[in-house]
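Written below as structure tokens is the structure these notes are about.
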Amino acid sequence: MGAVDENPNMNKNGSCDSASFGSHDDSNHSSLPPSNHERRPLISFDDEDDDEEDERDYGALGSSFIDNNGSHHSTTTKKNKKKTTIMLDTSHHSLMSQSSNHSFRERFKEFRSMSRESITTSMRNLQSVIAQHTGSIGMLGSLSIAINNLTGPAMLSLPATFARAGIVPTTVTLIFVCILSALCSLHMANTISKVPLNAEFQQGVEFPEAFRTFWGSRWFVAANGLFFACITVLNVSSLVDNAQVLDTFLGHYNPWGGAWALALNGQQWTVAMVHWDPSICNDRILYEGGCIPFATPSLEQDDNRQTYLITVGYVVTAVLFLPLALMDLTENVQWQILGFFVLIVTSIQFIVTFAMSDLDASHLTWWGEHHEDLLGVVLFNFALVITVPAWLYEKEPHVDIPTVLHASTMISTLLYILIGILGCLAMPGVSDNFLESIMSGSLGSAMQIGASIFAFFIIGLNIPLYSILTRLSLMGGGNEARANSRYGNRLCSRPVANVLAVYLPFGLSWTMYQGSYVTLLLSWGGMIFTSLVAFLLPLALALYVVETNYEDCKGSVPVYPWNLSEYLSSKQSQVLALKVLLLVSFVAVAAAIMGNVLAEENGIHSNATHATTTTT
């Protein structure tokens, strides 16, 4: 990963002892004496008249010692903080007289009486920052959050991906990335548990702070930027997909006829109302699943490039989900549980209807013809890591982390395979958003209603979840007392975080309504941001912590299933396993990048047959 910033949070031996974690500003530390001096710890405590902020700041710790020449040295992270120090002079150059011994006894008695109160006060202040937090998200809520996140917008492109890449390559890739995603998520959870005082996940450590703790402040800024970009891409994709499906539903069932949108032409500076009527779709377009509202014939046409749509479906999406995006994670979990049950019911409906329809085997081959963008699309489906840090803080203590992560990835992968294969067989020329093909009416009105419900509860409820995760990252986690202390890493206030995490995606996504932009966003977003945040960076950080702090930083999360954790208990075996995982992830990401470049050059991305819109 290149040069890593020297971490001020770890001592010289790489220990994760909380006493070595003070201010993250290196400039606040005094220089240490030469290495040939013997360090001898002293006993020191804060005066009672310290200001309230210093009492709360458990991260501002200091230390003192005497060298062999009897010289006193001290290091502290707060320059103006009063200290009361008992110095034990053990220099071999002087002997203490009887009066000196008496003076020392008196001073030690004074220290002993004062230290009780000081220690009690310090412990109370520490508990005020790291409050005894008990999570409220149980096993059902945990599975709902994880599975709903995995079955997000990228799932909609899987039938078209199976059509291009074939059964065997797509299925093998899904299983491979499923296993890799679960291991990366478990390693990320285990690394977060190694943050001092966070073995039980009571500090609310978010994704960027884990990198700040072990790699320094520069990586904290970089991780924040990558995490924000990754979730924003997912959020925009969800907003566009949900709006498109709602527009299709309104187009078919609107009693006033068709769907409406406001078209803004940026080149000619004109505004017009655009109307789409599904009656213009003939039987062939309906059969091929191409009766899609407001679809542009080609991205290459200048007029279409400069036209932006504000559709009724998008407005409805914003009105319904923006208030949910302003909630906290614990408030939003009930909606996630509802979405999980809707996912199971509608998925069963899709699978049964696909299986009972006229399946055409000519639409799907065993090995496929185009595999260029396969890894990019599949990687985008498994961004599970982004939900792990916030969920760890809010989950109930009895919820088993490996069980949730393994079960969610396996259930999601099974749904991917079944819906992908059967959907491809049932819908020739399936759209990159298979819900649009269902909404075209080729599979009946019951499926149209099911697709609308699926879009609203599954794709739609991911929108507030992504916004909440982004806001928590920007605000320094769910533990507000700790985030507001000097030891926290609050990047911005809640209003500013809402602007970036909620209002920005809602205000940006309408410019990407037309499908070709979303296809590019999915493929390139999956390659770059999701690959880094969900795969490469968690493994690289886990490897660094094991290599440098194996004896002192023991995680509380079992990463490997069955008895593999026993065989991988030594430092050497864990380092080797992490290096193999990191190498495999790097090769997969590199292959995805190269494949997507080739797919763009050859124009391989599938495009559904588009209907024509009329302007009034």
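Computed from heavy atoms alone, side chains included, the values below leave out hydrogens, waters and symmetry copies. What you see is a predicted model, and the numbers here were worked out from it, not measured in a lab.
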In Å, rounded to the nearest 0.5 Å, how long is the span from CG of Asn149 to CD of Gln336?
9.0 Å
Among Leu500, Val221, Asn224, which one satisfies side-chain contact (heavy atoms from CB on, under 4.5 Å) with Leu491?
Asn224
Between atom OG1 of Thr387 and atom CG of Leu150, what is the distance when rounded to the nearest 0.5 Å?
7.5 Å
Enter the distance from Leu226:CG to Leu532:CG here, rounded to the nearest 0.5 Å.
5.5 Å
Evaluate the side-chain proximity of Thr353 to Leu422: yes if any heavy-atom separation is below 4.5 Å, no if none is.
no
Heavy-atom distance under 4.5 Å between the side chains of Glu206 and Pro389, does that happen here?
yes
On a heavy-atom basis, the closest approach of Pro402 and Pro558 is CG-O, 3.4 Å
Nearest-0.5 Å distance, CG of residue Asn596 to CG of residue Leu375:
9.5 Å
Count the heavy atoms belonging to other residues, nucleotides or ligands that lie under 6.0 Å from CH2 of Trp335, then report whether that count exceeds 12.
no
Exam field: side chain Asn381 to backbone Thr151, donor-acceptor pair closer than 3.5 Å
no
Could you go through Phe341 and Phe457, starting from their C-alpha distance and side-chain angles, then the distance that decides it, and tell me whether this counts as ring-ring contact (aromatic ring centres under 6.0 Å, His included)?
CA-CA 9 Å; Phe341 283 112; Phe457 285 98; over 10 Å; no
Would Lys395 and Asp400 pass as an ion pair if we require N to O under 4.0 Å?
no
So, do Leu143 and Ile411 sit near enough that their side-chain heavy atoms are less than 4.5 Å apart?
no
Counting only heavy atoms not in Tyr560, do more than 12 sit closer than 6.0 Å to its OH atom?
yes
Before giving the answer on side-chain contact (heavy atoms from CB on, under 4.5 Å), spell out for Leu465 and Leu329 the whole-Å C-alpha distance, their side-chain angles and the decisive distance to 0.1 Å.
CA-CA 7 Å; Leu465 177 62; Leu329 184 60; 3.9 Å; yes
With Leu379 as reference, evaluate Ser585, Ser181, Ser531 under the side-chain contact (heavy atoms from CB on, under 4.5 Å) test and give the passing residue.
Ser531
Side chains of Ile386 and Phe207: does their closest heavy-atom pair fall under 4.5 Å?
no
Main chain of Ile137, side chain of Glu394: is a donor-acceptor contact present, judged purely on distance under 3.5 Å?
no
I'd like to know if the side chain of Ser556 reaches the main chain of Ala199, judged simply by a donor and an acceptor atom lying under 3.5 Å from each other, with no hydrogens or angles considered.
yes
What is the ring orientation for Phe456 with Phe321, classed by angle as parallel under 30°, tilted 30 to 60°, or perpendicular over 60°?
tilted
With rounding to the nearest 0.5 Å, note down the distance linking CG in Asn190 to OG in Ser185.
12.5 Å
Is any side-chain heavy atom of Lys554 closer than 4.5 Å to a side-chain heavy atom of Lys194?
no
Would you say the rings of Tyr416 and Phe382 are close, in the sense that their centroids are separated by under 6.0 Å?
yes
Between Ser467 and Ala501 the two heavy atoms that sit nearest each other are OG-O, 3.1 Å
Can you check whether Thr470 reaches Leu474 side chain to side chain, under 4.5 Å on heavy atoms?
yes
Give the C-alpha distance, both sets of side-chain angles, the deciding distance and a yes or no for side-chain contact (heavy atoms from CB on, under 4.5 Å) between Ile417 and Leu174.
CA-CA 8 Å; Ile417 295 173; Leu174 284 169; 3.8 Å; yes
Within the distance-only criterion (no hydrogens, no angle test), does the side chain of Ser573 pair as donor or acceptor with the backbone N or O of Ser570 below 3.5 angstrom?
yes
Contacts of type salt bridge (charged side-chain N to carboxylate O under 4.0 Å, His left out), residue Lys579, not counting sequence neighbours
Glu547
Going by atom types alone, do Asn242 and Thr317 pair a side-chain donor with an acceptor below 3.5 Å?
yes
With the side chain counted from C-beta on, respond yes when Val499 and Pro495 share a heavy-atom pair under 4.5 Å apart, and no when they do not.
no
I'd like to know if the side chain of Gln203 and the backbone of Leu197 have a donor-acceptor N/O pair within less than 3.5 Å.
yes
Counting C-beta onward and ignoring hydrogens, is there a side-chain heavy-atom pair between Ile419 and Phe434 closer than 4.5 Å?
yes
Looking at CG of Leu469 and CZ of Phe228, how far apart are the two atoms once the value is rounded to the nearest 0.5 Å?
13.0 Å
Would Tyr466 and Arg471 satisfy side-chain contact (heavy atoms from CB on, under 4.5 Å), going step by step from the backbone distance to the final call?
CA-CA 9 Å; Tyr466 293 146; Arg471 183 177 63 245; over 6 Å; no
Counting only N and O atoms by type, is there a donor-acceptor contact under 3.5 Å from the side chain of Asn235 to the main-chain atoms of Leu239?
no
Report yes or no: does Asn148 contribute a side-chain atom to a donor-acceptor pair with the main-chain N or O of Leu461 at less than 3.5 Å?
no
Check the pair Val177 / Phe535 against side-chain contact (heavy atoms from CB on, under 4.5 Å), numbers first and verdict last.
CA-CA 10 Å; Val177 179; Phe535 297 97; 3.9 Å; yes
